[in-house]
Amino acid sequence: MGAENTVLVVGSGQSGFQAVASLRDRGFAGRVVLIGDEPGVPYQRPPLSKAYLAGTAGIEQLHLRGEDFFAEKDIELVAGRVAAIDRPASRVRLEDGTELAYDHLVLATGSRNRTLPVPGADLPGVLTLRTRDDADRLRASLSDAEHVVVVGGGFIGLEFASHAGRPVTIVEAQDRLLNRVATPEISACFADLHREAGHTVLLGQGVSALHGDSRVREVELSDGTRLPADLVVVAVGVVPETTLAAEAGLPVDNGVVVDAHLRTADERIFAIGDCASFPCVQAGAATRLESVQNAVDQARCVAAAITGTPEPYASLPWFWTDQAGAKLQIAGLLSGADKTVVAGDRAAGKFSVLSFRDDVLIAVESVNKPADHIAARRLFAAEPKPAYADLEASEFNLKEHLKVASTRG
Ligand SMILES: NC(=O)c1ccc[n+]([C@@H]2O[C@H](COP(=O)([O-])OP(=O)(O)OC[C@H]3O[C@@H](n4cnc5c(N)ncnc54)[C@H](O)[C@@H]3O)[C@@H](O)[C@H]2O)c1
């Protein structure tokens, strides 16, 4: 089989796995190689900060597919790290010196966790969560830790707190939790829920140093307060993994820059998932998204392009998280929102926050209201997008509005 028929996918996370699976689903008959730097078959990360951390899901439940799948589909799994892309020669070189030729190359290199730029950040007992090994280390450390401090009140920090099985202290630099992804109404709701669950939530507090000896003992906050800590979980966001692309001369700007078909400046190289900055229809701007939905849908989009049926990427972004005993589901993006409405029973903890830009609905965040989330995704899939006045006429009841809209349509 010649190199003209070879697709190499770099990165065996959710998007890399989906790319190779979708190529075969679409009947791609050439050589398919998935290169990853973690041992074993590709696995899903969402349970790492939920059921796997809590010990209610085992390793097999993480696997995206068993070994048989890759053998049956003739997908080669290569363990290793790509060191360089030789674009003129259409080859990649692995760190062990192996060279592989490609016809199409898909960069699914994901992101890496930010580190805390403070003294003491490398002390034993300061951990992070990204891989299965990280989750195993955290689980083991939890059992004998007395004081647990979580730095960062985003998805990982809050999911970790919810599934750690004990009270923790959450330190968030901004003045509200989940500030990157949610409205202030949702942030307030989750701050209440986490406090009710027994956690201490400190807002507007950075970390200036970590102190200890043979291990971490204290977290010093920006106001000088010192918190006792024998386990510190750092969850302060990610940076996209773009080194390979940049060194190969491909444009990078908060992610590997791709066009509407997720192609880089080199038409034979695509980038997908956490590492890609793409022209986002919903945001109306170059955007990088960190979510399973985006990873999976972008992988499918690239598989379609490689197999000869390219469509511009236009999937609706959506997210979910399980924390503090509640389910938060988000449909759409909040960028540019200028009005919000809370619909449902906030006191009973079952409600949605509807966000509008120029009187058009752009995002719906649902707390323990899966029916609203489904209705929102159906509404966003149709044209025209719901207007404020029409939703007001349905008393901001999304299911009701969906009925009216579908009778009209
Ligand atoms: N349910 C989900 O969708 C889910 C769950 C887990 C992880 N993830 C993904 O994993 C990745 C990492 O998650 P994350 O929670 O680390 O990132 P995040 O961006 O969601 O949250 C990071 C938080 O840390 C805060 N922060 C930054 N610097 C700080 C400092 N010095 N002190 C205190 N707080 C600070 C930020 O304000 C932010 O609230 C993200 O890509 C995320 O989307 C997603």
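Counting starts at 1 for both ligands and their atoms, following the listed order. Both backbone and side-chain heavy atoms feed into the values below; hydrogens, waters and symmetry mates do not. The shown structure was predicted, so the numbers you read here are calculated from the model rather than taken from an experiment.
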Which ligand 1 atoms does [X] reach within 4.0 Å, using its non-hydrogen atoms?
X: Trp320; value: 1 (N), 2 (C), 3 (O)
X: Val171; value: 33 (C), 34 (N)
X: Glu290; value: 40 (C), 41 (O), 42 (C), 43 (O)
X: Arg180; value: 18 (P), 19 (O), 20 (O), 40 (C), 42 (C), 43 (O)
X: Val151; value: 32 (N), 33 (C)
X: Thr321; value: 1 (N)
X: Gln174; value: 37 (O)

Checking side chain to side chain contact (heavy atoms under 4.5 Å, CB included) for the pair Tyr388/Leu354: CA distance, chi angles, key distance, verdict?
CA-CA 10 Å; Tyr388 183 87; Leu354 281 52; over 6 Å; no
Shortest reach to [atom] by a heavy atom, considering only [options]:
atom: atom 17 (O) of ligand 1; options: Pro240, Ser222, Ala173, Gly237; answer: Gly237
atom: atom 25 (C) of ligand 1; options: Glu159, Gln329, Arg112, Glu172; answer: Glu172
atom: atom 35 (C) of ligand 1; options: Val236, Ile156, Val150; answer: Val236

Any salt bridge between [X] and [Y], counting N to O under 4.0 Å?
X: Arg346; Y: Asp192; value: yes
X: Glu290; Y: Arg180; value: yes
X: Asp230; Y: Arg215; value: no
X: Arg81; Y: Glu241; value: no
X: Lys327; Y: Asp322; value: yes

Is the shortest distance from a heavy atom of Phe319 to ligand 1 less than 4.0 Å?
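No, Phe319 has no heavy atoms under 4.0 Å from ligand 1.
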Can you find a side-chain donor-acceptor pair between Thr340 and Glu185 that sits under 3.5 Å?
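Result is yes, a qualifying pair exists.
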Donor-acceptor pair between Thr321 and Glu159 side chains, under 3.5 angstrom:
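Present: a donor and an acceptor within the cut-off.
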Report the part of Val238 in contact with ligand 1, treating N, CA, C, O as backbone and CB onward as side chain, heavy atoms under 4.0 Å; options are side chain, backbone, both, neither.
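Val238 to ligand 1: side-chain contact only, backbone stays beyond 4.0 Å.
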Are any of the N/O atoms in Phe155 less than 3.5 Å from those in ligand 1?
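Looking only at distances, the answer is yes, because the N/O contact criterion of under 3.5 Å is met.
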Under 4.0 Å from atom 9 (C) of ligand 1, is there any protein heavy atom?
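Within 4.0 Å: no protein heavy atom nearby.
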Who are the ring-ring contact (aromatic ring centres under 6.0 Å, His included) partners of Phe278, not counting sequence neighbours?
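Partners of Phe278 by the ring-ring contact (aromatic ring centres under 6.0 Å, His included) criterion, ordered by chain and then number, come out as Tyr313.
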Closest protein heavy atom (residue, atom, distance) for atom 31 (N) of ligand 1
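For atom 31 (N) of ligand 1, the nearest protein heavy atom comes out as Leu116 CD2, 3.6 Å.
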Nearest protein heavy atom with distance in Å, relative to atom 21 (O) of ligand 1:
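Protein heavy atom with the smallest distance to atom 21 (O) of ligand 1: Gly154 CA, 3.3 Å.
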Heavy-atom donor-acceptor pair, Arg176 side chain to Ala182 backbone, under 3.5 Å
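Judged by distance alone, yes, a pair lies under 3.5 Å.
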